[in-house]
Amino acid sequence: MNNGINEFINMHSEKKYAEVVILEYNFDKIFHYCLPQDLKDRISLGSRVTIPFRGKVTTGCVVGFLAESDVKNLKEIAQITDKKPLLTPQLIRLTQWISNYYLCSWEKTLNYVIPKTRKAWLKKFDITYISPQKNLRLPEDDKSSDNEIIFSTEEIKEMPSLKDIENIINNKKFQTILIRGNDFNSRMKIYLSCIRKTLKEGRQAIILAPTEPNLSELAGLLEKEFKDNMVVFEEKIDQKAKYQKWIKIRNSQVNIALGMRSSIFVPFDRLGLIIVEREYSSLYKEERSPRYNAREVALKRAELENVPLILSSETPSMESYWNVQENNFLEAELNTGGERENLLKKSIIDMTQEKSKKKIISYELQQAISRSLKNKRQVVLFLNKRGFSSFMICSQCGYIPKCPDCNTSLSYHLDIQKRAQLICHNCGKRAKVIDVCVKCGSKEIRPLGMGTQKLESEIRKMFTRAEIRRLDRDSLIKDEDYRQILEEFNQRNTDILIGTQMVLKGVDFNNVGLIGIISADTLLNLPDYRSGEKTFQLLSEVISSFREISFPKEVIIQTFNPEDHCIVALKEQDYNYFYQKEIELRKELDYPPFTHIIKIVILGEEKEAVKQRAEYLISYLEFLRKNKESAEFKLLGAVNMVLWKSRNNFKIQFLIKVKDLERFNKAFKKKYDKMLSKHFDQKNRLTIDVDPVRMI
Ligand SMILES: [Zn+2]
Ligand SMILES: [Zn+2]
């Protein structure tokens, strides 16, 4: 039965049966139960109920109602858990969508979304039922001017795009607007006006931030005005606190919720606005099942609830900007920071021109560090994730061997017998390790690899009297040490800080005079079709760490590929140039946003068992290919199956490229449950990741 008919029944017929998803077993199935007379009026969509199941008592969540059921001998629902359901009907539909889109069970999704509760809490924090009628928003046709969101003429002159934002918020309909601007304060100003307007209408708002520092910054600013009207879901919130906050939301005691990715599920029933700050962040992706992306879920929720969505970022994700180009999203650009640019000097160092090929630090960077130290300014040296050494590069001309089919760099890989070879992580293509560069004939081609450790020892040799600290996962054991290194730096007791992405969290850049990006190449050549986008975003973020610029500051980027479009765009701070070049590449190679990618990983301790399961899965997919109901798709990595060894496990990975994801998923899900239970278990695990953000 399709959704439309279901809804019709929900509205017009007597509800006799409930559709229930069982929360304590991993079935991707809906079960039917009879509604007992005495509970009938109290059970609604999203209610948790106690039910008999296979001779036991278990918990389920009501996801629908039926007037008729063709299942015989149905059992009755025994009890109801929550007085008022924790989920709204819209959230039920949203979780269903997630389960279909991200190919995971509805049960897993519901369990992820609903806070874990203990019986004792249920009594303590009971929901007081407030009739939604009381807080109903103003009628749609009430256009009294004090209800309109209005930016001052001064502000609009400064930022003409404010007019668009004004209109969208005033329309109270589903529309996505992408705000582009590198000044957090002007973004904040817009958020504040939009939130005020939403609250005035008697509606509620969700604001998402990708990281804890972003979250606390936003929370600090919002609390000034809305302290008693908001809840914040901190990163390490426990289940009890989370549950309490949900109850506050369900009781309409607060109207603003602020949090990281999972806060997109908070159960407001008069939602009026969603804001996603730094929408490009890969942290919006959940890396455990359900592997959803909060930005995409926000988009779906805004559509389901017919409310405006604000996405904002300094360097928009390719997906979001493509949606602007396709006229699905509106764009508002905030122009800021002319003065700032004058005080900021950016240089690109072409490492192929360096005389000593073995040195990590170029002559120019060394000079700049000395200058900065002399001026009593601090230095941050940035190196991408430690030890990602696995590709080859010619230090004469910057040539990197790439897969001819996928255009991602070939990984330098030692196999189980320690023989070196080059492998494409996408499609499994293999090549011999070369010792002469095919472009310039030089013999200076070798695997590029450097960790922060090696960098630290080189820096220590160069600057013997400087205070040097290193901030990466290797050098840290505890959170305490991390905080101590940060504190030392922020109190200006450290001269040079060497670090990975971690420097972006919590480092005070006010007294920093120089940021050195040691190797743009390690990022650019991740075996990932998104490597260009990731480089541009991450390095833009590193550069914009210089938020307040009151004295001249410098950014130096070292690279073997100074002509790469990402590097050129970074130097010019030209997002449009980057986007145009990047989208052409994506189109040519049929990568997202032109297709969807599904990453399938099989992991197990026994080599043969993993191989067998992979072969089974391939045959399942080949069977699917012949099915007329399925969509066309490409399967990568199946022909040249590569067995990777990671710690104690063997791993096989495939990629599926598909245009019509919805159609593909529908067909794929049909026998998915059977396949899972028959061939996979704790020993041999199958993970499916739709729209992955990490390719390996
Ligand atoms: Zn070369
Ligand atoms: Zn390939």
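Just follow the structure's listing: the first ligand is 1, and inside any ligand the first atom is 1.
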Below 2.8 Å of the Zn ion (ligand 2), tally up the protein N/O/S atoms for me. 4
Evaluate the criterion side chain to side chain donor-acceptor pair (under 3.5 Å) for residue pair N561 and T559; output intermediate values, then yes/no. CA-CA 5 Å; N561 291 284; T559 177; 4.7 Å; no
If you draw the axis of the six-membered ring of Y591, does the NZ or CZ of K657 fall within 45° of it and under 6.0 Å from the ring centre? yes
Per the salt bridge (Lys or Arg N to Asp or Glu O under 4.0 Å) rule, what does the pair list look like for residues 528-545, sequence neighbours excluded? E319-R530, D528-K534, R530-E533, E533-R586
Would you please test L471 and L497 for side chain to side chain contact (heavy atoms under 4.5 Å, CB included) and show each step? CA-CA 7 Å; L471 195 61; L497 182 66; 4.1 Å; yes
Are F578 and F536, when compared by the centres of their aromatic rings, separated by less than 6.0 Å? yes
Using the Zn ion (ligand 1) as the vertex, how large is the angle between SG of C394 and SG of C440, rounded to 10 degrees? 110°
Quick one: the SG of C437, the Zn ion (ligand 1), SG of C397 angle, rounded to 10°, please. 110°
Can a donor-acceptor pair be found between the side chains of K669 and S99 at a distance below 3.5 Å? yes
Which pair of non-hydrogen atoms, one from K611 and one from I652, has the smallest distance, and what is that distance? CA-CD1, 4.0 Å
